[in-house]
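So that the names make sense, note that chain A is the first sequence line, chain B the second, and so on, each numbered from 1.
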Amino acid sequence: MATPSSSAPAAAGVDLLAGLNPPQRAAVTADDGPLLIFAGAGSGKTRVLTHRIAWLIQQGRAQPHEVLAVTFTNKAAREMRSRVEQLLNLAAGSIWMGTFHAIAARILRRDGSPAGIDRRFVIYDEGDRLSAIKQVMNEMRLDPKRYPPGSVVEAISRAKDELLSPTAQASAAGTHFEELAAQARVRYEAILEQNHALDFDDLLLRTVRLFEEHEDVLERYQKRFTYVMVDEYQDTNRAQYVMVKQLAGRHRNLCVVGDDDQSIYKFRGADIRNILSFEHDYPDAKIVKLEQNYRSTQRILDAAYHVIKVNPNRADKRLWTDRQGGPKVVVAQTYDEQEEALAVAQEALRLVGDGDYRLGDIAVLYRTNAQSRALEEVLIRRGLPYRLIGGPRFYERREVKDVLAYLRLIANPQDTLAFSRVINVPRRKLGEKSLFQLGYWADAHGMTPWEALNRVEEMTGLAPGAMASLGDFRDMINEVRAASQERRLVEVIDLLLLRSGYERHIQAEGADAQERWANVLELRGLASEYDGLAPGEGLQSFLEDVALMSDVDSLEEGPQGMTLITLHMVKGLEFPVVFMLGMEEGLFPHSRSLDSPEGLEEERRLAYVGMTRAKDRLYLFHTFRRHLWGSATLNLPSRFLADIPPELVDAPPGIPAGVSNAEMAPARAREAARPAAPLEVVQRFFPGDNVEHKLWGRGKVLKSTLTRSDEELIVRFDKAGIKILAVSLASLIKL
DNA sequence: CGAAAGGCTCTTTTT
DNA sequence: GAGCCTTTCG
């Protein structure tokens, strides 16, 4: 073993074992060799991981640069680094910490050339990848309606996760669609190649291949990393699994931390078997289970346990805590999503009013991003501050992508995707014809569009106006590129925004001009952090970081305001008060998950993740009726609710009853008593019909829409105004 | 050539 | 309801 034995004298410094419980201590101080830490929710996982890293260094078992720590978000990596630095009171900059993708990118940039990878490769994000696939499908004359490009992307991505080569993918194809996807991939890879680009999956796949085919490279990394730690191991995919195996192959000091009950990313290739079969892969592995929870009350833990324990094939474990008792879990039904939102607002205000909590202590979780809308409307109307996590993502906004595309083109003229994104933004009077001409000419001469641009004067059949326009564009990019060699990144961006006309272009946009410009400025602000770097280098690493950035990474400690967030993104966070909305069959568990047992199991884990975010109070809401993509649906309570023992649940303490204002208050008792709506709906009302409603009096039907299970009316009442109502619910009499 | 309107599909989660 | 693509119109 390359490291000093574990009997090395302890270096001076903090007592790293103080305050740790016995299993935590065992994990931190474990001897060399494979180590599996089952870390339940709130069991101090990050603490154990950081203390172990610090311990290894403090004990002299490892130098900082010999440690590799892999996380799933940049944020987690940052936090881990700063905590290790705190513990050791030294700069831990030389520890390799980062996401799988960031680490792979780093390796490929340094050592990818033997595998034919250009040091200056660009990273294609989701959007880039999609447009490339669309282009391919266009060439293949595939109808995007029959074969959704998104599904093709998905299929290719899964194949890469599984480390399948294009050939292997083709022979593994079982359906016509999969065959087409495999074919599309071949062409897609060619485009990537041509653009010196790698997509997310490539980062992992190419690293694994590099290690397979160039043993000397692998060996160097194996020797270097005497200790490898992996966080969230339950969410690793095949490629990540193999990469870890390779890197830790020599010293076998592999420490993985995870919780099979919190594996929620199967849809993007995560394979829960990676953690469940760790013992099988490493028979000499030491296993530590962290089951003491430092977050929630015992009631919340018990409720969560009864939901998760239904899953077969889970490692046996159960969380416990010193925090006995606590309020019961509140389960409540509201009439619809508006009332649900009102219930959240009201209860939040009550909690804050009582002085026990601040709004920042409260999180509202939901299954799908679309659910945040009803909530936002209510919160805005009531003037309650909130921060919405997710939704339209910063790095995927048009203006952000435009500016990034410009920067990419400046950094790498071969990036044809960036080229085509900005060539006519803002408009440069280039029509389809001119651009086709350019592309055609480039192809014919085996050039990239940019190379063709450099010889635009030789092109025949190009309108003089277009030729001038293209020439101007080329000169402008060249000017900014020249500047990028000697000026700070922010100055480069300013010059770009000015000279490209993009600034004027954005400002000229109507309604959202301000917001868009604000986003551009925010990007500029992010770029300013790279001003310390050498010109050119700043641009390079900015693009690098941005490509691997996600929105959770910038999730700051909010000073105030409720947090609105999806169940997926909330993993790893905790809040004193948690509302989970839409606990309904079809929504959660989501209907798309119901066709396979594995899908349902994953939904259940998602429920478990959500429930275990709560420290003190947990509210589970479901609605009787919900607008789902257009029409109204009547939903049954989620099966997960039924799994919670009644003694852990509080009857709704009048939450919905007090909430509904008169106009949206169909008494819940009445609803409950009503028989389920018939499956076959017959239209009973027609525009023009005069009707009478118990509460609202007389009115005239404006519109009737049949949904699968109900008839929905828009009625103008003489006194109460225009209302939308469901025939099955409203007692409506035809006059 | 470009903007506007209309029609279509798809609505789970995202490093 | 939204986004994307196509068609249409100026």
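- What separates CG of L587(A) from C1' of dT13(B) is a distance of 12 Å, to the nearest Å.
- Between dT12(B) and dC5(C), the distance separating the two C1' atoms is 24 Å to the nearest Å.
- Side chain of K134(A), nearest nucleotide from dT12(B), dC5(C), dG1(C): dC5(C).
- For the pair E126(A) CD and dT13(B) P, the interatomic distance rounds to 12 Å; values are reported in whole Å.
- A close approach under 4.0 Å does not occur between any side-chain nitrogen or oxygen of R268(A) and OP1 or OP2 of dT12(B).
- In the model, Y241(A) has no side-chain atom that pairs as donor or acceptor with a side-chain atom of D271(A) under 3.5 Å.
- Taking atom CD1 of residue I389(A) and atom P of nucleotide dT12(B), one finds them 22 Å apart after rounding to whole Å.
- Atom CE of M137(A) is separated from atom P of dC4(C) by 16 Å (rounded to the nearest Å).
- In this structure, L205(A) places its CG atom 20 Å from P of dT15(B), rounding to the nearest Å.
- Salt bridge annotation for R381(A)-E377(A): absent, with no cationic side-chain nitrogen under 4.0 angstrom from a carboxylate oxygen.
- Not one side-chain nitrogen or oxygen of N369(A) sits closer than 4.0 Å to the OP1 or OP2 atom of dT12(B).
- Comparing dT12(B), dG1(C), dG2(B) by their closest approach to the side chain of R373(A) singles out dG1(C).
- Judged by closest nucleotide on DNA chain B, R427(A) is the one of R427(A) and N237(A) placed further toward the 5' end.
- Using a 4.0 Å heavy-atom cutoff across all strands shown, F267(A) reaches at least one base atom of the nucleic acid.
- Taking a 6.0 Å sphere around CZ of R209(A), one finds it holds more than 12 heavy atoms contributed by other residues, nucleotides or ligands.
- Going from atom CE of M569(A) over to atom P of dT12(B) covers 17 Å, rounded to whole Å.
- Residue L600(A) contributes atom CG, which lies 15 Å from atom C1' of dT13(B) at whole-angstrom precision.
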Checklist entry - Hey, mind stepping through L594(A) and L600(A) against side chain to side chain contact (heavy atoms under 4.5 Å, CB included) and telling me if it holds? => result CA-CA 6 Å; L594(A) 295 179; L600(A) 186 57; 4.0 Å; yes
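- Contact between A69(A) and M80(A) at its shortest, heavy atoms only, is CB-SD, 4.1 Å.
- In terms of phosphate contacts, H568(A) brings no side-chain nitrogen or oxygen within less than 4.0 Å of OP1 or OP2 of dT13(B).
- A donor atom on one side chain and an acceptor atom on the other are not found under 3.5 Å apart for E340(A) and Q338(A).
- Listed nucleotides: dT12(B), dT14(B), dG1(C). Nearest to the side chain of Y265(A): dT14(B).
- When both pairing distances are held under 3.5 Å, dG2(B) makes a Watson-Crick or G-U pair with dC9(C).
- In this structure, T236(A) does not reach the dT15(B) phosphate: none of its side-chain N or O atoms is under 4.0 Å from OP1 or OP2.
- Look at CZ on R626(A): it is 14 Å from C1' on dT12(B), rounded to the nearest Å.
- Here dT11(B) sits opposite no nucleotide as a Watson-Crick or G-U wobble pair (both hydrogen-bonding atom distances under 3.5 Å).
- Considering only side-chain atoms of R129(A), the nucleotide from dT14(B), dT12(B), dT15(B) that sits closest is dT15(B).
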